[in-house]
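Here is the structure we will look at.
Just follow the structure's listing: the first ligand is 1, and inside any ligand the first atom is 1. What you see is a predicted model; the values in this text were computed from it and never measured.
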Amino acid sequence: MKFKILSASLLAGALSLGTANATEFMSIGTGGPTGVYFQVGNAVCQMVHRNAGEGRKDGRQHGYRCSAPSTAGSIYNIKNIESGELQFGVAQSDWQYHATNGTSKFEGAQVPDLRSVFSVHPEPFQILVGGNTGIKTWEDLEGKTVNIGNPGSGQRGTFEVLLDANGVGTDYFGSATELTSSEQSSALCNGDIDAYGYTVGVPNAGVSQAADGCGATIISLNNDAVAGLVNDNPFYAFATIPTGTYSTIESNVTTFGVKASFVTSAKVDADMVYEVVRAVFENFDAFKSLHPAFANLSPLQMMSEGNSAPLHEGAIKYYKEKGWM
Ligand code: GLU
């Protein structure tokens with residue numbers, strides 16, 4: 001019948017219009033809900049959606065939609081990018097390096113498809129200690145109850161590296177707990193733990209909660225073991241947390257740190273990666289304004305520092321267009 005034929009062709013027309021601008025979803029793995037990774041992931045999504053114009057005529061008609069759920073952290077994100085569960089993720093530069101090179105926790109489990117997109121803020125490794133624990137140095141932690149972090153988090157991995165560099169294991173502590181980053185500040189203030197380790201951008205709401213809530217402070221980590229880590233590994237550097245960063249920081253704290261980085265897989269479509277990178281850098285001031293840890297970011301550093309995996313081709317396309325490469 002004529003009517004049926006007509007509706008079939010209308011339907012076909014609608015379908016082909018649909019595919020020209022098909023909606024495609026991407027997920028960005030972050031970290032705990034009180035961390036900075038969660039802010040990074042959601043800031044990226046905000047820029048992707050802003051760039052898409054949300055129906056405005058002058059918007060960019062790319063059809064990508066983005067979500068950035070809370071996850072276990074760096075190592076979880078890298079593994080789930082590899083399996084295709086996530087398209088992007090935030091990860092510490094030490095774990096990006098090890099996944100790319102098949103070293104440390106990624107020995108025998110190299111991730112050859114891991115690709116870097118850009119690096120983000122610096123992340124000092126911080127050991128927070130309860131205000132009335134009397135802990136002032138690494139040695140004082142012996143026999144104490146210390147949160148080493150949830151499995152899959154970057155800090156858990158980096159804490160294990162630090163223990164190893166000091167020639168001890170988790171039995172150096174009286175007890176080692178595995179709380180997530182969003183649980184650890186209240187545990188510290190309740191006295192359930194004496195200290196916790198956290199690799200996180202500065203400032204961080206969770207750390208402030210412990211500093212303001214129960215006088216928690218950050219100890220310096222600058223013994224020979226830490227100097228060795230910094231000397232032997234390109235992805236570690238000494239870091240300073242300046243006086244006044246948190247209410248209890250009365251003199252500069254020296255520690256070591258990494259960079260947060262934004263990563264993806266070679267299997268993710270170049271067009272999707274290009275649009276994400278474009279959305280961030282074309283709206284860079286808006287992006288930077290979303291968290292104080294982003295204040296000092298510069299595009300050229302983000303493109304060139306802390307990225308040990310090869311850059312994704314979709315990112316390279318944008319950087320070349322801008323004349324940055
Ligand atoms: N560096 C932490 C990790 O790799 C996450 C820090 C954050 O959530 O900002 O798991």
Side-chain angles (χ1 to χ4, degrees), residues 27-45 68-82 86 88-100 104-106 111 114 116-128 147-162 177-185 196-210 218 221 229 233 235-237 239 241 245-246 255-264 287 290-297 306-309:
S27 293
I28 302 174
T30 63
T34 51
V36 183
Y37 284 12
F38 192 68
Q39 306 294 329
V40 172
N42 284 282
V44 170
C45 285
S70 161
T71 71
S74 287
I75 294 174
Y76 174 97
N77 294 342
I78 292 172
K79 291 190 169 160
N80 282 270
I81 287 170
E82 185 187 23
L86 297 169
F88 297 92
V90 195
Q92 291 179 199
S93 54
D94 49 349
W95 299 115
Q96 181 191 143
Y97 177 97
H98 291 308
T100 302
S104 183
K105 278 187 179 303
F106 287 90
V111 187
L114 192 67
S116 60
V117 182
F118 47 75
S119 61
V120 211
H121 55 281
E123 295 190 276
F125 179 81
Q126 298 156 61
I127 294 188
L128 257 92
N147 188 50
I148 56 172
N150 61 291
S153 68
Q155 55 269 9
R156 170 60 174 270
T158 305
F159 211 145
E160 286 173 359
V161 168
L162 179 65
T177 59
E178 298 189 310
L179 302 174
T180 64
S181 58
S182 52
E183 295 167 325
Q184 60 200 5
S185 285
Y196 67 72
Y198 195 14
T199 327
V200 72
V202 176
N204 166 250
V207 174
S208 308
Q209 185 198 334
I218 305 171
L221 295 171
L229 286 177
N233 297 289
F235 41 80
Y236 292 135
I241 299 163
T245 305
Y246 297 105
T255 180
F256 69 106
V258 293
K259 271 205 170 200
S261 65
F262 196 72
V263 292
T264 185
F287 178 83
L290 292 176
H291 194 279
F294 309 155
N296 297 321
L297 295 182
N307 305 315
S308 37

L221 vs L162 side-chain heavy atoms within contact, under 4.5 Å:
yes
P292: partners by side chain to side chain contact (heavy atoms under 4.5 Å, CB included), with sequence neighbours left out
P203
Just by distance, do the side chain of Q126 and the backbone of P124 share a donor-acceptor pair under 3.5 Å?
yes
Which residues satisfy the salt bridge (Lys or Arg N to Asp or Glu O under 4.0 Å) test with E160, sequence neighbours excluded?
K105, R156
Contacts of K259 that satisfy salt bridge (Lys or Arg N to Asp or Glu O under 4.0 Å) - sequence neighbours left out
E305
Taking all non-hydrogen atoms of both residues, which atom of A68 and which atom of G41 are closest, and how far apart?
CB-C, 3.4 Å
So what's ligand 1 close to, N/O to N/O, under 3.5 Å?
residue  : atom   : partner : partner atom : Å
ligand 1 : 1 (N)  : Y37     : OH           : 3.2
ligand 1 : 1 (N)  : Q92     : OE1          : 2.9
ligand 1 : 1 (N)  : E123    : OE2          : 2.9
ligand 1 : 1 (N)  : T199    : O            : 2.7
ligand 1 : 4 (O)  : S74     : N            : 3.3
ligand 1 : 4 (O)  : S74     : OG           : 2.4
ligand 1 : 4 (O)  : Q92     : OE1          : 3.3
ligand 1 : 4 (O)  : G154    : N            : 3.1
ligand 1 : 9 (O)  : V36     : N            : 2.7
ligand 1 : 9 (O)  : Y37     : N            : 2.8
ligand 1 : 10 (O) : S74     : N            : 3.3
ligand 1 : 10 (O) : G154    : N            : 2.8

